[in-house]
2 protein chains.
Amino acid sequence: MTKTPSTKEKLLQAARALFWTRGYSNVSVRDITGAAGVDAALVSRYFGGKQGLFEATLADIPAWDVLACDRENLLEKAVESFTQPYNPQTDLVNPFTLLLANVLDPVMGDKIRAFVQQGIATPLAEKLGGVRAEEKAAMLLAVLFGFALIRKNFQVKGLTDTSLDDLRAQMMILGQTAVQSAP
Amino acid sequence: MTKTPSTKEKLLQAARALFWTRGYSNVSVRDITGAAGVDAALVSRYFGGKQGLFEATLADIPAWDVLACDRENLLEKAVESFTQPYNPQTDLVNPFTLLLANVLDPVMGDKIRAFVQQGIATPLAEKLGGVRAEEKAAMLLAVLFGFALIRKNFQVKGLTDTSLDDLRAQMMILGQTAVQSAP
DNA sequence: AAGAGGCGTCAACACTTGTTGACAACTACT
DNA sequence: AGTAGTTGTCAACAAGTGTTGACGCCTCTT
């Protein structure tokens, strides 16, 4: 049986779920502690404040496992990780929405941008290699993030109701196009 | 000479500039009135409150002029409108960032989604026509919005420092791929 | 038994938020 | 001149924000 999580873990879990969907400024400390079922004062006690709690959730983001696989099936893995079924429960491990939800925040924006550049874009460019690696990596990220944005956040009709297999096939074509350098 | 704008116009202008960059919840009424140089009480007087002011800026969005041109040069116009130089002053007429900045807002999200679907995605699908028009339109939007997201918001290196001509060429290829239906 | 340290609860704080109503200044009309 | 309507100013409000310090409870050690 799973042992009951500690208060610190309960706070982290609730914070991640809320920051993930609504962004730093749209979530209050009392929202988090209310969802976690603990007192509001414990956020300052355990994490030094709301900002510290947010940074703890940020540090908690798993390394994007796509970066760990070979160059050949990198594209396939990337597409797969961005076309998972729409399930808030399991999607928590996907850092995408947390990044999107907070990049505009006046205090957290810089942190988010630095994370995307150093933790995602630069390693991806190194993995891709070749000429104009940075540009190709950025284009691929644009395709992936744009897809997730239109599907999950804007919920535009053509992407929310199509089968995952069809979507993945389309995304593979787009991804391959993105990583091919113009002559 | 340009006649001095009325208080209402000054408020709308400042509100658009701030909501555009930081999102609804990250902007306070006093931020706006401070930038406009007017009293904070006038927001409630003229627009019925902060929410009314936001909706006024939303109603102020010009119809996406790309939707007005022919089917042939639609793609070129769309790419062009999304690859303008990074200029906050002129970019105010581009609805993109206002939409992105507020789609996650707990109170404004629904309004934004409805606007994107009815004001952009559906007309674009009708313009594209053919089989799977909705899907193709959504994919094209994903490419366009994803590009703007990675470039302007995340400021990833490969897209911020490349020449506009190169970027446009790349985007044209991606856009054409997006609107081609899989067999 | 007595003390210490970790853990949670409660009330309160200083501050910002959006909004309101009273009041003054000005213009336009009779 | 007098009056009505508009427009801007000021102070204040209630609600919500993040944070702090005092207090009580439980467990372990001596």
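Hydrogens, waters and symmetry mates are skipped; everything else that's a heavy atom, side chains included, is used. Labels below follow one simple rule: chain letters A, B, ... track the order of the sequence lines, proteins then strands, and each chain is numbered from 1.
Comparing B:A41 and B:D31, the nucleotide of DNA chain C nearest to each residue sits closer to the 5' end for B:D31. If you find the closest nucleotide of DNA chain D to B:R30 and to B:T7, the one lying nearer the 5' end belongs to B:T7.
Judged by the 6.0 Å distance and 45° axis criteria, B:K50 is positioned over the aromatic ring of B:Y24.
For B:F47 and C:dT20, the CZ to P distance is 15 Å, given to the nearest whole Å. Nucleotide D:dG8 holds its P atom 8 Å from the NZ atom of B:K10, rounded to whole Å. The distance between atom CG of A:L42 and atom C1' of D:dG24, rounded to the nearest whole Å, is 14 Å. Between the CD atom of B:Q51 and the P atom of C:dT17 there is a distance of 18 Å, given to the nearest Å. Spacing between atom CZ of A:R45 and atom P of C:dT9 amounts to 11 Å, rounded to whole angstrom units. Rounded to a whole Å, the NZ atom of A:K50 is 13 Å from the C1' atom of D:dT19. Computed from coordinates, the A:D39 CG to D:dG18 P distance equals 14 Å when rounded to whole Å. One atom, OH of A:Y46, and another, C1' of D:dT20, lie 16 Å apart when rounded to the nearest Å.
Paired with B:T122 under the rule side-chain hydrogen bond (donor to acceptor under 3.5 Å, both in side chains), one option of B:Q117, B:E134, B:K127 passes, and it is B:Q117.
The two atoms that bring B:L124 and B:L140 nearest to each other are CD2-CD2, 4.2 Å, heavy atoms only.
Across all strands shown, B:S44 has heavy atoms under 4.0 Å from base atoms, whether or not it also approaches the sugar-phosphate.
Checked against the 6.0 Å centroid threshold, A:F145 and A:F82 count as a close aromatic pair.
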